[in-house]
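Values below: every heavy atom of this structure, side chains too, minus hydrogens, waters and symmetry copies. The shown structure was predicted, so the numbers you read here are calculated from the model rather than taken from an experiment. Every chain is numbered from 1, with letters handed out A, B, ... down the list of sequences.
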Amino acid sequence: MSQPYKAEEVRKALKEMHPFKSLAPGRNESDIFPKIRHIVGNDVTTFVLNFLNQHDMSPNSNFTHIVPPLVHISRFNRNSLEGPVLSSRELVSAQVWNDDYKKKKKSGYGLGQCRSPTCHSIFLWQSKNLFDSSPCKDSVTYNSMISGYARSDGYESEAIDLFIQMQFDNDSARIDEFKLTTMLNLVAKIRVLHYGRQVHSFMVKSGNDLSVFALSSLIDMYSKCGSFSDACGVVNGSVGEGVVDLVVKNALIAACCREGELEMARKIFLDNPEFNDNVSWNTMISGYVQNGCEVEAVELFKRMAEEGFRWNEHTFASLLTACSALKSLNLGKEVHGRVLKEGMCLNPFISSGIVDIYCKCGNMRYAESVHKTFGTNNIYAITSMIVGYLAKGDMPEARRLFDSLAEKEFRRVDRHYFWLRKIAAICICSFREYVVSDDTTVPDTVILVSLLGACAIRASVDPGKQIHAYILRTGIKTDEKAVSALIDMYSKCGFILYAQRMFRTVSIRDTIMYNVMIAGCAHHGYEYEAIHHFEEMIAHGLKPDSVTFIALLSACRHCGLVEVGENYFFLMTKDYAIQPEIDHYACMVDLYGRSNQLEKAVAFMEKMPFEPDSIILSAFLNSCRANRNLELARMAEKKLVEIEGENGNGARYFQLASVYASGGKWDDMGRVMRTMRGMDVKKLAGCSWVQVGNGVHVFTSGDRSHLEAEDVYFVLGCLIDELYDKAIMDENLLTMM
DNA sequence: TTAGGGTTAG
């Protein structure tokens with residue numbers, strides 16, 4: 001027996017949509033009903049989605065009762081209100097899995113991404129009502145309901161309960177292959193290995209473990225639950241040989257990539273390549289990205305098109321992740337252009353990926369622009385932007401974006417939202433407040449690393465020390481990343497001796513830890529120690545990366561070690577195959593400039609594979625000023641105007657004016673000053689600060705406004721005298737030698 | 001009618 005659900009009732013339900021009145025004051029249902037009917041004849045699904053997107057769909061909402069008829073129409077009754085009589089089972093199916101949902105999911109525009117977060121639960125809530133009221137439930141009814149629960153975040157235990165309960169309640173609803181693969185899908189999602197083993201045992205006992213659906217689901221479940229050997233065991237260890245089903249093959253490739261077994265993944269991928277589809281290529285590209293092989297991912301991306309496969313949203317999403325990791329602004333812009341051409345910018349994965357690239361490259365202006373154009377409701381894009389502003393130390397902007405979240409409908413239980421609350425601790429609260437206000441959750445080391453990073457940016461040693469003490473007191477196990485963050489924090493807050501002491505006490509060091517230590521030594525004028533640490537890391541068999549060389553070259557430029565710097569630059573490309581980035585080139589130009597070798601700096605800039613950016617030219621301008629070389633300064637000015645435009649960065653014009661002033665070229669200086677006129681040019685004064693007790697004391701050049709300025713300048717005078725005496729002594733010593 | 005593989009944040 002099926003419960004009928006007639007079209008007439010749908011019409012009645014629609015006519016009773018009294019809450020519509022509250023949407024537009026003055027309208028009544030007679031205005032609304034023709035509109036609905038009109039839409040039903042065209043694209044009702046869009047209407048339903050927009051409706052769901054625009055309104056509160058919590059279970060207590062006034063609108064919830066109209067969801068079933070709307071979904072009903074969208075699924076079964078496109079062209080008229082007169083339609084077939086539907087059973088409750090069909091309605092359950094319609095609401096949990098309507099055709100449009102599947103189509104949209106396949107094209108990358110899943111409902112989960114385009115409607116408000118509360119809506120999915122309302123589909124389920126309505127489905128459950130229908131399911132409970134249905135007098136006749138068969139196996140398919142149960143499958144639909146279990147599948148609906150399994151795919152909805154937060155309803156996983158309901159799926160398990162229903163799966164168990166069904167075996168006691170209903171003789172006609174037997175456990176079949178559909179239910180078992182659905183349960184495997186659920187286990188893969190919640191990642192509980194022993195549940196997976198139970199379902200697998202059940203499949204073997206009931207003879208449901210041999211179909212290609214079972215195989216792919218089992219491989220996926222074991223892989224996602226962290227048991228790669230079990231995933232391989234599903235195909236009897238014959239990985240890559242005789243895999244007949246493409247989905248099974250792709251599941252295996254994905255499992256290998258997840259495990260970091262890229263060579264094995266590549267072997268399976270290249271075995272019978274004629275069977276590969278877009279998913280195979282996308283899985284392989286994504287595998288390279290997941291394992292830090294971004295360059296290979298970009299190469300494969302190119303080959304994919306060459307071999308006649310079409311890029312889709314998944315392909316671009318992986319490629320964007322690769323560009324972010326490479327921090328390549330040029331590549332990012334190229335991909336951005338391609339994405340615009342392909343019309344994929346509405347996909348939330350894609351738009352947030354583009355925002356992320358610009359944030360990682362530090363170009364917040366572009367990031368803001370993309371973010372505003374392609375939707376401001378993407379929590380990933382907002383997270384990237386907050387982190388981008390934090391990395392630049394721009395706390396007010398980070399705070400502004402965080403506050404904007406309060407107006408949006410992100411789910412409070414969403415783990416992304418949960419993470420953002422941690423950022424709030426960085427932006428807004430002190431660590432002490434964070435610990436007190438959030439004492440139900442012990443922060444993990446990753447959170448602590450973020451907090452320490454913020455302390456380092458703000459050069460706030462006190463909260464940094466609090467966090468260090470908290471780690472020691474609570475006995476939280478610190479990994480290499482946490483120790484590196486502590487070393488970095490102490491170093492950037494000016495406490496290089498603490499940083500060095502901490503570094504010495506650690507027995508296991510990785511490349512990142514050496515990088516922060518080398519950079520710390522370089523910044524504090526311990527150039528030879530920086531070089532010593534580099535040699536030590538090589539001796540320990542660690543592989544330096546591009547950051548290592550930025551830190552090393554930075555050390556060289558601070559003490560004018562031109563030849564040593566040149567050697568490292570050469571070593572980096574030849575021995576370690578590291579492609580120099582713009583930061584490496586900037587270090588070299590600065591190194592030549594500071595050593596008064598302007599011709600070498602110019603020759604080096606001319607050989608660069610890309611145009612010098614404003615940072616390089618700015619460093620070069622400083623050298624021109626020190627050397628009073630006005631001809632080269634004019635050349636740099638021309639380039640700067642090309643890069644930044646006539647209305648470029650005001651600080652650069654100040655810099656340029658001071659170059660001309662230092663050479664007595666008052667006409668040129670006047671010209672630059674006139675260019676600045678009418679522009680909103682502000683120069684942020686450089687300043688130093690020192691924390692004494694609970695107070696921070698800030699000093700700018702020539703500033704005598706401090707209450708104790710007289711004493712401060714007296715001590716400063718003594719220090720200058722002492723340095724002067726030392727310089728004289730050094731000079732005498734050199735003469736004697 | 002209901003099940004399988006590939007895409008984002010620290």
Separation of atom [atom1] in [X] from atom [atom2] in [N], rounded to whole Å:
{"X": "A:N312", "N": "B:dT7", "atom1": "CG", "atom2": "P", "value": "11 Å"}
{"X": "A:D138", "N": "B:dT1", "atom1": "CG", "atom2": "P", "value": "12 Å"}
{"X": "A:L218", "N": "B:dG4", "atom1": "CG", "atom2": "C1'", "value": "10 Å"}
{"X": "A:F309", "N": "B:dT7", "atom1": "CZ", "atom2": "C1'", "value": "18 Å"}
{"X": "A:I379", "N": "B:dT8", "atom1": "CD1", "atom2": "P", "value": "17 Å"}
{"X": "A:L252", "N": "B:dG6", "atom1": "CG", "atom2": "P", "value": "12 Å"}
{"X": "A:Y380", "N": "B:dG10", "atom1": "OH", "atom2": "P", "value": "12 Å"}
{"X": "A:F269", "N": "B:dG6", "atom1": "CZ", "atom2": "C1'", "value": "12 Å"}

Indicate, with a heavy-atom threshold strictly under 4.0 Å, whether [X] touches base, sugar-phosphate, or nothing.
{"X": "A:V212", "answer": "base"}
{"X": "A:K481", "answer": "nothing"}
{"X": "A:S352", "answer": "base"}
{"X": "A:D277", "answer": "base"}
{"X": "A:T181", "answer": "base"}

I'd like to check the side chain to side chain contact (heavy atoms under 4.5 Å, CB included) partners of A:S286; sequence neighbours left out, ordered by chain and number.
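Listed in chain order: A:Q290, A:S318.
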
It should be established whether [X] places a side-chain nitrogen or oxygen under 4.0 Å from OP1 or OP2 of nucleotide [N].
{"X": "A:Q290", "N": "B:dT7", "answer": "yes"}
{"X": "A:R151", "N": "B:dG4", "answer": "yes"}
{"X": "A:S318", "N": "B:dT7", "answer": "no"}
{"X": "A:S147", "N": "B:dT2", "answer": "no"}
{"X": "A:S384", "N": "B:dA9", "answer": "no"}
{"X": "A:N185", "N": "B:dA3", "answer": "no"}
{"X": "A:K360", "N": "B:dT8", "answer": "no"}

Salt bridge A:E342-A:R310, side-chain N to carboxylate O under 4.0 Å:
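Yes.
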
Carboxylate-amine/guanidinium contact A:R197 A:D230, below 4.0 Å
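The answer is yes: the pair qualifies as a salt bridge.
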
Please check this pair: side chain of A:N291 against backbone of A:C293, looking for a donor-acceptor N/O pair closer than 3.5 Å.
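Checked: no pair found.
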
For A:A305, does its backbone N or O pair with a side-chain atom of A:W281 as donor and acceptor, under 3.5 Å?
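Absent.
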
Among [options], find the nucleotide with the atom closest to the side chain of [X].
{"X": "A:T321", "options": "B:dG6, B:dT7, B:dT8", "result": "B:dT8"}
{"X": "A:F213", "options": "B:dA3, B:dG6, B:dA9", "result": "B:dA3"}
{"X": "A:F349", "options": "B:dG6, B:dA9, B:dT7", "result": "B:dT7"}
{"X": "A:V247", "options": "B:dT2, B:dG6, B:dG4", "result": "B:dG4"}
{"X": "A:V387", "options": "B:dG6, B:dA3, B:dG10", "result": "B:dG10"}

Check: [N] base within 3.5 Å donor-acceptor of [X] side chain:
{"X": "A:D245", "N": "B:dG4", "answer": "yes"}
{"X": "A:S216", "N": "B:dG4", "answer": "yes"}
{"X": "A:S144", "N": "B:dT2", "answer": "no"}

Does A:K189, at its NZ atom, have more than 12 non-hydrogen atoms belonging to other residues, nucleotides or ligands within less than 6.0 Å?
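Atom NZ in A:K189 is packed in, count exceeds 12.
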
CG on A:L252 to CZ on A:F228, rounded to 0.5 Å
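Separation between the atoms: 8.0 Å.
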
